[in-house]
Every structure is written in structure tokens, then in C-alpha cells.
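In each ligand, atom 1 is the first atom listed, and ligand 1 is the first ligand listed. All values reported here derive from a predicted model rather than from experimental measurement.
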Amino acid sequence: MKKNGILVVISGFSGAGKGTLVRKLMEKYDNYSLSVSMTTRDKRDGEEDGVHYFFVDHRKFEQTIIQDGLLEYASYCGNYYGTPKEYVEKQIAEGKDVILEIEVQGALQIKKKFPNTVLLFVTPPSADELINRLKGRNTESEEEIYRRVGRAIEEAEWIPKYDFLVINDDLDECVDSLHNIITTAHNAPGRQQDLIDKIKKELEVISKGE
Ligand code: 5GP
């Protein structure tokens, strides 16, 4: 019996290092698939359409919502972001653990629809470190950085809704810690219902002496 994979949401403050973390996780272990989101935000230098995001205009995004093509979507700092449904469903059915790197509103929508989703929140060890990383990557204006800091304060309120908090201090340790959490999470009874049903049926057969 082929086992379905599980959905794993990774959220975190902008600048927490989620992108690097997820890339390293994918490189090191082969049981993961990464969902590529759709967004209306502008492409940054070095980003590729279909690799980092599917970059679309507002009209196309709204059409996809109407066609029920997204598992979740949210507005973040003035732009839409959403998770295309088809790819995720296919990968889960093929037994892959699918990583969604999304913000908190989307994470909570996903948990509501799919309660067996593992919600992970990544944070740097301190606020100073967060600001250093945001400034160091040189991809946002000063104004955008402060917008993202404001958003981080709001997001902090939602952390208790997550299943695990992961501190991204040493990158390699953090990657292994993420992998261990996800591997362990597979064994939660709610994620093993098929196995439980199978054993129960077998026990019933044995008890009838068949
Ligand atoms: P960025 O503009 O820095 O690439 O992403 C901004 C925020 O949007 C990040 O917190 C990122 O995790 C989140 N995000 C990316 N894709 C999605 C998505 O498909 N859905 C939701 N809800 N958030 C997303």
C-alpha cells in the first residue's frame, strides 16, 4: 500500500532564512517536494518564473481564485500570494511530503482544511539578527523592510497556533532539526489512520477465528 505524503507548512518572519533552509532541506533529503506559489509581486533580481514563483498579474490571480485553483491565498504587504492546488495534490498522492513556504494567514487556512498538516514557524535567534539579515540581502527598500518588520510584529501573535518553533541559528543544525520534526510527525496517530484501520480489520478477522 503506497502511503500518502504529508503537508508541511514553513512560515517565519521575513528575513528568518526560510528560503535557504528549505533549499538545503530539499538538497539533503529526497522525500520532499516544494510547492511553487503564485504571486502578484514583482520579480526580484535572480528570481525565475516557475522556479521561485509563478509571477502573474492581479487579473490572472483573481481568475485562478474563481476557478478554485488555489489551496489557500493571502494578501501580504500589498500583494497576493497563493498555493496552486494541482501540484500539491499530485505530490501528496505520490507519497512526497510537500513543503509550503507560506505566511500565517495561509498557514491557518491550510490547517483548517487539512488538520494533519504540520505547521512550523522559523525565527532567527534575535530581532537584531532579523534586521541584519533583512538589510544584508539587499532585496528590499528601507521602506519595505520596515513594512515587513511591522508585519512580523503582527505575525508573532499567531506563533502559538503553530505545532513547532524552529530557531534558525546554525543553518545545518536547523535543517536536520526540521527533518527530524517532520519525520517524527509522520507517527502522530492522526497521520496513520490507514494503518490503524488495517490492523483493526486484521484483529477482527483473527478474533473471529477466520
Ligand atoms: P516574499 O515576497 O518575501 O517572497 O514572500 C513574502 C511572504 O509571502 C513570505 O512570508 C512567504 O512565506 C509568503 N508566501 C509565499 N508564497 C505564499 C503562498 O502561496 N501563500 C501564502 N499565504 N503566503 C506565501
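Listed by number with element, the atoms of ligand 1 under 4.0 angstrom from any heavy atom of Gly106 are 22 (N). Close approach of ligand 1 to Arg41 (heavy-atom distance below 4.0 Å) involves ligand atoms 1 (P), 2 (O), 4 (O). Counting atoms of ligand 1 from 1 in the listed order, those under 4.0 Å from a heavy atom of Gly82 are 18 (C), 19 (O), 20 (N). Taking a cut-off of under 4.0 Å to the non-hydrogen atoms of Ala74, the atoms of ligand 1 that pass are 22 (N).
Looking only at heavy atoms of the protein, atom 19 (O) of ligand 1 is closest to Ser37 OG, 2.6 Å. Protein heavy atom nearest atom 21 (C) of ligand 1, with residue, atom name and distance: Ile102 CB, 3.4 Å. The nearest protein atom to atom 12 (O) of ligand 1, hydrogens excluded, is given as Glu101 O, 3.2 Å; this is a heavy-atom distance. Protein heavy atom nearest atom 9 (C) of ligand 1, with residue, atom name and distance: Lys18 NZ, 3.6 Å. Given atom 13 (C) of ligand 1, the protein heavy atom at minimum distance is Glu103 N, 3.6 Å. Looking from atom 20 (N) of ligand 1 to the surrounding protein, the closest heavy atom is Glu72 OE2, 2.8 Å.
Neither the backbone nor the side chain of Gln105 has any atom closer than 4.0 Å to an atom of ligand 1 (non-hydrogen atoms only). Both the backbone and the side chain of Tyr81 come within 4.0 Å of ligand 1, counting heavy atoms alone. The proximity of Arg44 to ligand 1, defined as any non-hydrogen pair under 4.0 Å, is limited to the side chain.
Applying side-chain contact (heavy atoms from CB on, under 4.5 Å) to Val98 and the options Ile6, Thr83, Val88 leaves one that passes, Val88. None of Thr183, Asp176, Asp97 except one satisfies the side-chain hydrogen bond (donor to acceptor under 3.5 Å, both in side chains) rule with Tyr29; the exception is Asp176.
No single ILVMFWY cluster, assembled from side-chain heavy atoms under 4.5 Å apart, contains both Tyr81 and Val22. Taken together through direct or relayed side-chain contacts under 4.5 Å among Ile, Leu, Val, Met, Phe, Trp and Tyr, Ile159 and Val118 form parts of separate hydrophobic clusters.
Other residues, nucleotides and ligands place no more than 12 heavy atoms under 6.0 Å from the NZ atom of Lys90.
A salt bridge does not link Lys135 to Glu140: none of the charged side-chain nitrogens sits closer than 4.0 Å to a carboxylate oxygen. Comment: Arg148 does not engage Glu155 in a salt bridge, judged by the lack of any side-chain N to carboxylate O separation of less than 4.0 angstrom. Note on Glu204 versus Lys208: no salt bridge recorded, every NZ/NE/NH1/NH2 to OD/OE distance being 4.0 Å or above.
Considering backbone and side-chain N/O atoms, Gly12 never comes within less than 3.5 Å of an N/O atom of ligand 1. When only interatomic distances are considered, the shortest N/O to N/O separation between Tyr73 and ligand 1 does not fall below 3.5 Å.
The backbone N or O of Val175 sits nowhere less than 3.5 Å from a side-chain atom of His179 that would complete a donor-acceptor pair. At distances below 3.5 Å, at least one donor-acceptor pair connects side-chain atoms of Gln105 with backbone N or O atoms of Ser75.
Residue Glu101 holds its CD atom at 11.5 Å from CG of Leu25, rounded to the nearest 0.5 Å.
Ring orientation note: the planes of Phe61 and Tyr80 are close to parallel, at an angle under 30° on the 30°/60° scale.
The residue among Phe54, Phe13, Tyr76, Tyr53 with a heavy atom at the shortest distance from atom 5 (O) of ligand 1 is Tyr53. The closest non-hydrogen atom to atom 3 (O) of ligand 1, taken over Arg148, Gln109, Glu155, comes from Arg148.
Residue contact annotation: Ser14 has no non-hydrogen atom under 4.0 Å from ligand 1. Within the structure, ligand 1 lacks Met38 among the residues with a heavy atom less than 4.0 angstrom away.
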